[in-house]
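Quantities reported herein were computed from a predicted structural model and do not represent experimental measurements.
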Amino acid sequence: MNINATADVLLATAQVRIKSLHGEFLTVKALIDQGSQVTFISEDVAQLLQLPRKKTDVRLQGLGKTIVGVAKSKVALEIRPRFVSDIKIDAEALVLPSLASAHPDRSFHYDVDKWRNVNLADPNFNRTEKIDLVIGADLYSQILEEGVRHDDQIVGQNTKWVWILSGTVIMKPAATTTKSAATTTIERFWEIEEIEDEETSLEDEYCLKLYEDTTRIDNSGRFVVRLPFAEDKELGKSYKRAMARFLSLEKRLEESTYLREEYNKTMSELISMKHMVKVEEQKEAKYYMPHQAVVRETSLITKVRVVFDASSKTSNGKALNDILHVGPKMQWDIFDIITKWRSWKFVISADVEKMFR
């Protein structure tokens, strides 16, 4: 046995298709959880499906009768296998803001050829992806079929959605060290008191070199700079979450004529200044970035701003910001600024427009 490896539990998952209000099917990853008494669906997917909701008030209890969440609505679902089939299951699901985190916790290598003679309900069972549907015990008995297979510590169970896998897998430990929340909090206080080391880190050196080597001026006189991607730059799927937030934004804009006009004006400005261009070629993007309206009534210049959220997580739990280097700190410390401010009789302050766009 490899002492440097750890055993992780693999829970059964399946890719299923859910019928929307307009008859289209949306493919999501479902977690098969016998420990759950009922079936749940995420708010993001519920919005994408646009299915009518019924109001409810269900308090969810965990171990020790601890309240872990409250469901305010529920929807009726038509669930089908990931492949074209007449098999369908009608179900009622409680809507929650979010479900389990991405499962498995991290991607792992597995010899899928061991199951080459069977169809898998989730071909990506070994890849970490966001869970948008939890199949509870209320549906578990309806999907079971005869047939069980074993491969070492992995168990395959035949279902109406073909085979689901669960069991124990051996994974190599991550290179990073996990710190306790208490230690991390204490270190934040240390960081506030410590004087920054002026030596540039290797990461900062990489960012500076990338800037020097790749920055160029295009034909229109604009500067073009490459993004400083980290080595691990794998992102999951982001379309569903971005679309759900877009539909929520549309609903908000419909409720306020002023907000809609200001938002449209800002988006038009982005297009006219070529900060944003229309995608002509229809193909799947690497990352769909949600945007939202931020209203500041006290602002003298811009009361409505459009904010793009590069911290929105994808199906593997990572966002665009997570796979980019931060780069060196270019601004002066506030202490240095104030000290120098007091050295002169006259000072000028200015606001750099669209600096962070």
Are more than 12 heavy atoms from other residues, nucleotides or ligands located less than 6.0 Å from atom [atom1] of [X]?
X	atom1	answer
Gln37	CD	no
Tyr211	OH	no
Phe223	CZ	no

Looking at [atom1] of [X] and [atom2] of [Y], how far apart are the two atoms once the value is rounded to the nearest 0.5 Å?
X	Y	atom1	atom2	value
Lys29	Asp122	NZ	CG	4.0 Å
Leu21	Gln50	CG	CD	6.5 Å
Ile164	Leu10	CD1	CG	10.5 Å
Leu320	Lys233	CG	NZ	12.0 Å
Arg305	Gln292	CZ	CD	10.0 Å
Lys251	Leu247	NZ	CG	10.5 Å

For [X] and [Y], which heavy atoms make the closest approach, and how far apart are they?
X	Y	answer
Thr27	Arg17	OG1-CG, 3.5 Å
Leu210	Arg226	CD2-O, 4.0 Å
Gln34	Ala137	O-CB, 3.6 Å
Arg260	Leu253	NH1-O, 3.1 Å
Asp309	Met289	O-CG, 3.6 Å
Arg222	Lys274	NH2-O, 3.6 Å

Is there a donor-acceptor pair under 3.5 Å between the side chain of [X] and the backbone N or O of [Y]?
X	Y	answer
Lys160	Gln142	yes
Ser268	Asn264	yes
Arg252	Ala293	yes
Asn158	Glu146	yes
Thr39	Gly136	yes
Ser166	Ala12	no
Ser238	Thr314	no
Asn316	Glu234	yes
Ser315	Gly236	no
Arg82	Leu120	yes

How far apart are the C-alpha atoms of Lys130 and Lys240, what are their side-chain angles, what is the distance that settles it, and do they pass the side chain to side chain contact (heavy atoms under 4.5 Å, CB included) test? CA-CA 10 Å; Lys130 183 173 177 284; Lys240 289 188 295 186; over 6 Å; no

In one Ile/Leu/Val/Met/Phe/Trp/Tyr side-chain cluster, 4.5 Å: [X], [Y]:
X	Y	answer
Ile18	Tyr239	yes
Ile87	Val162	no
Met267	Tyr258	yes
Phe25	Leu77	no
Val155	Trp163	no

Quick one, Asp132 with Ser42, criterion side chain to side chain donor-acceptor pair (under 3.5 Å). Give me CA distance, side-chain angles, the key distance, then yes/no. CA-CA 5 Å; Asp132 281 309; Ser42 68; 2.8 Å; yes

Minimum side-chain heavy-atom gap [X]-[Y] below 4.5 Å:
X	Y	answer
Asp33	Leu11	no
Val38	Val58	no
Trp161	Ile32	yes
Ile143	Ile89	yes
Ile323	Tyr287	no

In plain terms, say whether [X] and [Y] are close enough for a salt bridge, that is, a side-chain N and a carboxylate O under 4.0 Å apart.
X	Y	answer
Asp322	Lys313	yes
Glu43	Arg53	yes
Glu262	Lys265	yes
Lys278	Glu280	no

Where do Leu133 and Val16 land on the side chain to side chain contact (heavy atoms under 4.5 Å, CB included) test, with the steps shown first? CA-CA 9 Å; Leu133 183 69; Val16 296; 3.8 Å; yes

In sequence, state the C-alpha distance, the side-chain angles, and the governing distance for Leu249 and Tyr263, and then conclude on side chain to side chain contact (heavy atoms under 4.5 Å, CB included). CA-CA 10 Å; Leu249 173 64; Tyr263 204 86; 3.4 Å; yes

Would you call the rings of Phe246 and His291 parallel, tilted or perpendicular, taking 30° and 60° as the class edges? perpendicular

Please lay out, stage by stage, how Val95 and Ser73 fare under the test side chain to side chain contact (heavy atoms under 4.5 Å, CB included). CA-CA 6 Å; Val95 180; Ser73 63; 3.6 Å; yes

